Amino acid sequence: MSAPSVVEGRQKAASPMRIALIWGLGLVLAVIAAVVSIAAVASGQGPEQPVHAYLDALQAGDGGKALGALHAQVPSGSAALLDGPPLRDSMSRIHDLRVGTAQPAGSGKETVPVTFTSGGKSYTSDFLVQQTGSDWLFFPRWSIVPGQLPTLQASVVNSPRATINGAAVNMPSGRNSFPVFYPGSYVGSLPGEYFAAAPVTAVVAQRTSQESLSLDTKATPALTAALDAKAKDFLDQCARTASSQQRLQPDCPFSYSTDNRIVDGTIAWSITQYPSASVTPFSGQWTVSPLPGKARLTARQIDLFTGQVSQLNVELGFIFRVDLNVSGSTITVTPVLG
């Protein structure tokens, strides 16, 4: 047999070295992967990690996940703001959200500050975290210390309902309590055709916050305009009836008394100043303040002592009182006479 070639000999001699190089390269890559994995675990399991997870759940509108991350008890009240669109709406007004570096808080706990802005103002939310175990035997696992959710106390004048963060909520006797997450921005209002409350905002920054939303319901311009129109129609009709019946003291808010004799067929009533309605709350109801106005009376009169005939032309002030009842889109105004 012929002897092996020089080239073949060199290839066989190089095989152990190639294997060693491959093993060495593999070992280097394994060390790099381990270092990267350890760094990833360390950064993902720091004291700030559960706070990041909680805030992510809030921004997603996932109330169940947020409650689990916060380990919080839910106080009594309406849960209408704890999930879905109202929760996402709350976070839509939270800006510049930043998780700060944890600081020692004693007893093995640490405080994680979260800064944010809302409505042009700066706020800070503090989260107390504690170690609840370890990962990979080396890295502590952190969890937010359990507590209780803050509550938002809401009230509304003369309404069994309101709107908070876009959700229609019940307001028994004009009040309700809402457990809420923090940080959060909560906007309450009462939309309506005849009665409405302008939006009011409360920002909840801390677990111990006791914020309130007070909705000041008022009559809308649409209601006062409708009342003014009804009052005008009633007074105009009253003046026409009094004139046609030739009465000085008609069943109207206005009247006139005199010792002179009035010439038949000369009495004419007209309204010179119509009242403007003012609606105010009182004892859970709506009342219309007394409506001042003015009426003019013209007639021919005869002095019973001298027999002299003269022209009567007087402007009389009067007070018009009404009872108001609003049912849906129906307004009922009942004049109160006498």
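Everything quoted here is computed from the prediction, not taken from an experiment.
Expressed to the nearest 0.5 Å, how far CG of Leu213 lies from OG of Ser155 amounts to 8.0 Å. In this structure, Asn325 CG and Asp323 CG are separated by 9.5 Å, a value rounded to the nearest 0.5 Å. Summarising the geometry, atom CG belonging to Leu215 is positioned 10.0 Å from atom OG belonging to Ser212; distances are rounded to the nearest 0.5 Å. Between the CG atom of Leu97 and the CD atom of Gln59 there is a distance of 5.5 Å, given to the nearest 0.5 Å. From Asn176, atom CG reaches atom CZ of Arg161 across 14.5 Å, with rounding to the nearest 0.5 Å.
What you find for Tyr54 and Ala66 is that their closest heavy atoms are CD1-O, 3.4 Å. Pairing each heavy atom of Ser278 with each of Leu291, the nearest pair is N-CD2, 4.3 Å. The two residues Thr224 and Ala277 have their closest heavy-atom pair at CG2-O, 4.1 Å. Contact detail for Gln206 and Ser125: the closest heavy-atom pair is NE2-CA, 3.7 Å. Shown here for Thr151 and Ser177, the closest heavy-atom pair between the two residues is CB-OG, 3.9 Å. Taking both residues in full, the closest heavy atoms of Ala202 and Leu152 are given as CB-CD1, 3.9 Å, listed atom of the first, atom of the second, then distance.
Although no hydrogens or angles enter the test, the distance criterion places no donor-acceptor pair under 3.5 Å between the side chain of Asn170 and the main chain of Pro172. In terms of modelled atom types and a separation under 3.5 Å, the side chain of Ser173 and the main chain of Arg175 share no donor-acceptor contact. Remark: side-chain polar atoms of Thr306 are paired, donor with acceptor, to backbone N or O of Gln308 under 3.5 angstrom. Side-chain atoms of Gln246 come within 3.5 Å of backbone atoms of Gly265 as a donor-acceptor pair (strictly under, hydrogens ignored). Proximity of a side-chain donor or acceptor of Ser255 to a complementary backbone N or O of Gln249 within less than 3.5 Å is not detected. Side-chain N or O atoms of Thr266 include one that pairs as donor or acceptor with a backbone N or O of Arg300 at under 3.5 Å.
Applying the disulfide bond (SG atoms under 2.5 Å apart) definition to pairs two or more places apart or across chains, those involving residues 165-258 are Cys238-Cys252. For residues 70-122, the pairs satisfying ring-ring contact (aromatic ring centres under 6.0 Å, His included) are Phe116-Tyr123, with sequence neighbours left out. Residue pairs meeting the salt bridge (charged side-chain N to carboxylate O under 4.0 Å, His left out) criterion with at least one partner in residues 259-282, sequence neighbours excluded, do not occur; the list is empty. Listed by first and then second residue, the ring-ring contact (aromatic ring centres under 6.0 Å, His included) pairs involving residues 218-264 are Phe234-Phe320, Phe254-Trp269, Phe254-Phe318 (not counting sequence neighbours).
No continuous path of ILVMFWY side-chain contacts below 4.5 Å connects Val145 to Leu70, so the two sit in separate hydrophobic clusters. By the rule that hydrophobic residues join a cluster once side-chain heavy atoms approach within less than 4.5 Å of another member, Leu67 and Leu128 end up as members of separate clusters. Under a hydrophobic-cluster definition in which Ile, Leu, Val, Met, Phe, Trp and Tyr are linked whenever side-chain heavy atoms come within less than 4.5 Å, directly or via other members, Met171 and Val187 are assigned to different clusters.
Side-chain contact between Leu312 and Val314: present, with at least one pair of heavy atoms (C-beta onward) separated by less than 4.5 Å. In this structure, Gln301 and Thr258 have side chains that are in contact, with non-hydrogen atoms separated by less than 4.5 Å. Using a 4.5 Å heavy-atom threshold, the side chains of Val99 and Leu55 count as touching. In this structure, Ile271 and Gln273 have side chains that are not in contact, with every pair of non-hydrogen atoms separated by 4.5 Å or more. Between Leu235 and Pro253, some side-chain heavy-atom pair lies under the 4.5 Å cut-off. Counting heavy atoms from C-beta on, the side chains of Leu227 and Leu324 come closer than 4.5 Å. With a 4.5 Å cut-off on side-chain heavy atoms, Val288 and Thr280 do not count as touching. In this structure, Pro183 and Leu58 have side chains that are in contact, with non-hydrogen atoms separated by less than 4.5 Å.
Legend: residues meeting salt bridge (charged side-chain N to carboxylate O under 4.0 Å, His left out) with Glu193, ordered by chain and number and at least two apart, are absent. With sequence neighbours excluded, the residues satisfying salt bridge (charged side-chain N to carboxylate O under 4.0 Å, His left out) with Arg296 are Glu315. Residues passing the salt bridge (charged side-chain N to carboxylate O under 4.0 Å, His left out) test with Asp251 are Arg247, sequence neighbours excluded. By the ring-ring contact (aromatic ring centres under 6.0 Å, His included) test, Phe178 is found to be paired with no residue, residues two or more places apart in sequence or in another chain being considered.
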Show the atom names and distances, to 0.1 Å, of all donor-acceptor pairs under 3.5 Å that link a side chain in residues 106-115 to residues at least two apart or in another chain.
none

Atom pairs and distances, side-chain donor-acceptor, residues 77-92, under 3.5 Å, sequence neighbours left out:
unit_1, atom_1, unit_2, atom_2, d
Ser78, OG, Ala80, N, 3.3
Asp83, OD1, Gly63, N, 2.7
Asp89, OD2, Arg93, NH1, 3.0
Asp89, OD2, Arg93, NH2, 2.9
Ser90, OG, Ser185, N, 3.1
Ser92, OG, Asp89, O, 2.6

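Applying the side chain to side chain contact (heavy atoms under 4.5 Å, CB included) test between Phe195 and each of Asn158, Val326, Thr220 identifies Val326 as the sole match.
More than 12 non-hydrogen atoms from other residues, nucleotides or ligands lie less than 6.0 angstrom from CD of Gln245. Taking a 6.0 Å sphere around CD of Gln237, one finds it holds more than 12 heavy atoms contributed by other residues, nucleotides or ligands. Within a 6.0 Å sphere centred on CZ of Arg240, heavy atoms belonging to other residues, nucleotides or ligands number more than 12.
Side-chain contact annotation: Ser143 with Gln130, donor-acceptor N/O pair under 3.5 Å absent.
The pair Asp236-Lys232 meets the salt-bridge criterion, since a charged nitrogen lies less than 4.0 angstrom from a carboxylate oxygen.
Using a 4.5 Å cut-off between side-chain heavy atoms of Ile, Leu, Val, Met, Phe, Trp and Tyr, Ile319 forms no hydrophobic cluster with any other residue. Other residues sharing the hydrophobic cluster of Val263, ordered by chain and number and joined by side-chain separations under 4.5 Å: Ile302, Val309.
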*Going through the checks in order, is the side chain to side chain contact (heavy atoms under 4.5 Å, CB included) test met by Thr287 and Val279?*
CA-CA 6 Å; Thr287 62; Val279 182; over 6 Å; no

*Stepwise side chain to side chain contact (heavy atoms under 4.5 Å, CB included) check, Ile331 with Tyr194*: CA-CA 9 Å; Ile331 302 174; Tyr194 295 133; 3.6 Å; yes

*Given the rule in the side chain to side chain donor-acceptor pair (under 3.5 Å) test, do Glu48 and Thr101 qualify, once you have shown the distances and angles that lead to the verdict?*
CA-CA 7 Å; Glu48 299 84 3; Thr101 302; 5.0 Å; no

*Report the C-alpha distance between Arg207 and Tyr182 in whole Å, list the side-chain angles of each, state the deciding distance to 0.1 Å, and finish with yes or no for side chain to side chain contact (heavy atoms under 4.5 Å, CB included).*
CA-CA 7 Å; Arg207 177 177 282 175; Tyr182 70 101; 3.5 Å; yes

*Can you check side chain to side chain contact (heavy atoms under 4.5 Å, CB included) on Thr163 and Leu190, steps first, answer last?*
CA-CA 6 Å; Thr163 297; Leu190 178 63; 5.9 Å; no

